[in-house]
Every structure is written in structure tokens, then in C-alpha cells.
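We count ligands from 1, going down the list as the structure has it; atoms in each ligand are counted the same way.
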Amino acid sequence: MRVEIIPCLQDNYSYLIIDEKTSLACVVDPGESEPIISFVENNNINLKFILNTHHHYDHIGGNKDIKKKYNTKVVGFLGDKKRIPELDIFLKDKEIWKYENFEAKIYHIPGHTSGHICFNFFHEKLLFTGDTLFSLGCGRIFEGTYEEMFNSLNLIKSFPKETKIFCGHEYTDKNSEFCLVYDSDNEKLKSKINENKLKLKDGLPTIPTTLEEELDMNIFLRSDKKNIQRNINLNNPTALKTFSKLRDLKDNF
Ligand code: ZN
Ligand code: FE
């Protein structure tokens, strides 16, 4: 199984999960159809499924045209069947979806939207997090509560550390500037920032990251850390209160 990163729109990433034994493939969150179709045409793969993490346009914009061209089946959250266009296969929280060598468990992770899910390909330890967990950041809370987003991120924190994280946008550089303000002694973060800047300068994605790296450097996964709680000056801080404050600060960063 390999994953191809396909940049879409301004700063979105769509991902092709390709089974090299069968040439069958799934695409995660096609924000637009053209880059996906051109990759499929040039690489002789058989695109079978579209997997959508949530209903926002920059994640589903390519659904219709891709489905029309390849008769691809669209897989998404049951609770969002009215909002995800062309949905064929409806999944519930913690359901396992399987087709030939593809096997993923989905988790309902509300906060960014009320119907957001992630796809965990647990055999290969690949996690597609959409706009919930970014590298060194997390999504804005549009439809949920702080607590929902906090719980969704905590669920992701429980996956194996070596899990590879594939998120919906290239926001890493801007995210890292925010982390550095409130976690300024984090040496791993500082060297990661330099590493990421070099990648971006060469036109390379900073994705995938790993859960281990995110646990060490992503401030939104570190709201239980005393130094971060101190740096944002809350009375009687808890992890949830710290997370909520950080989310507000980031919205205005
Ligand atoms: Zn979104
Ligand atoms: Fe998005």
C-alpha cells in the first residue's frame, strides 16, 4: 500500500491510497477532480472509492466528476448523508470498512464540523484526519464545542505513536509559528520548523507527520503540559480550559 499526495486548490491535500498488488485505489478528500484524474490516467490505476472526512467544499469538490468518470463509490459518515454529495456507502462511528486489501476503521470526531470522521487504516497505521488534526495545529471549531474538539483530539492521541498522519491542508508553517509563541523552549519544535521550511522551499509537502511528532510538538495536543498552561496565564488551568484558550488565540493569530 502506498500513499500519493495530490495538492488540490490553494493549500489542500488529497491522498491516493494505492494497493500496488492490485492497482486498486481510493482517494481521500478530492477537493477538485482534475489533479486526481490526471494522476489516475498517467499511472494506470483503478480508482474504486472516494473517502470523505467531512462535507466542506474543499474536501468534496471533486466527488461528482470523479464518480462520473470512474463510477467510483463515495464513502462517508452516515450522519452527513444529506451534506456529502453522491454518498453511496454510509458508515457509523467505529465501523470498519473493508474492500479487498483496503481496511479502515472510521471514528466520529466532531468539532470542526458535526459530522467529521477520520479513516484509520490500522494495518498500515495510516490516519487521514481531514481538518481535525493538522500538523502542528488543529481545525477551527465551526459546528462543535471546544469540548467536542478536545475529545476528538484526545481520541486521536490514543492511537499508536508511529501512526502516520495525513491531514487536509498544508498549514504547517503558520501553525508552527503559533506553537513557538507558547511553547518557546521546545527544542524539537525548533528543529522541526527548520526542517519544514527547507521542505517547503523545495516545493515538498511537510506531510505526513507522525503521531509521535505531533504529541511532542503540536500545542493543541499538549494543553495538559504545565509549561504551556503557565504561558497562557489561566487561573486554575485544566487541559480543556487551556485548549479552549489556545484555540481562541489561534483564531486571532
Ligand atoms: Zn473543513
Ligand atoms: Fe478544509
Show the numbers, then the answer: is there a salt bridge (charged side-chain N to carboxylate O under 4.0 Å, His left out) between Glu86 and Lys64?
CA-CA 7 Å; Glu86 314 283 338; Lys64 202 164 172 231; 5.4 Å; no
Which class fits the ring pair His54 and His56: parallel under 30°, tilted 30 to 60°, perpendicular over 60°?
perpendicular
Around the Fe ion (ligand 2), list the protein N/O/S atoms within a radius below 2.8 Å, excluding water molecules.
Asp58 OD2, His59 NE2, Asp131 OD2, His169 NE2
Extract all donor-acceptor atom pairs below 3.5 Å that involve side chains of residues 99-109 and protein atoms in other chains or at least two apart in sequence.
unit_1 : atom_1 : unit_2 : atom_2 : d
Asn101 : ND2    : Asp19  : OD2    : 2.6
Glu103 : OE1    : His123 : NE2    : 2.7
His108 : NE2    : Ser114 : O      : 2.7

Compute whether any side-chain donor of one residue and acceptor of the other, for Glu170 and Tyr13, lie under 3.5 angstrom apart.
yes
Taking 2.8 Å as the limit, list every protein N, O or S atom around the Zn ion (ligand 1), by chain and residue number.
His54 NE2, His56 ND1, His112 NE2, Asp131 OD2
Asp183 bridged to Lys225 by N-O distance under 4.0 Å:
no
Would you say Lys125 and Asn120 are linked by a side-chain donor-acceptor pair, where the criterion is simply a distance under 3.5 Å?
no
Non-neighbouring partners of Lys69 that pass salt bridge (charged side-chain N to carboxylate O under 4.0 Å, His left out), sequence neighbours left out
none
Under 3.5 Å, is there a donor-acceptor pair linking the side chains of Ser223 and Gln229?
no
Phe220 ring center within less than 6.0 Å of Phe150 ring center
no
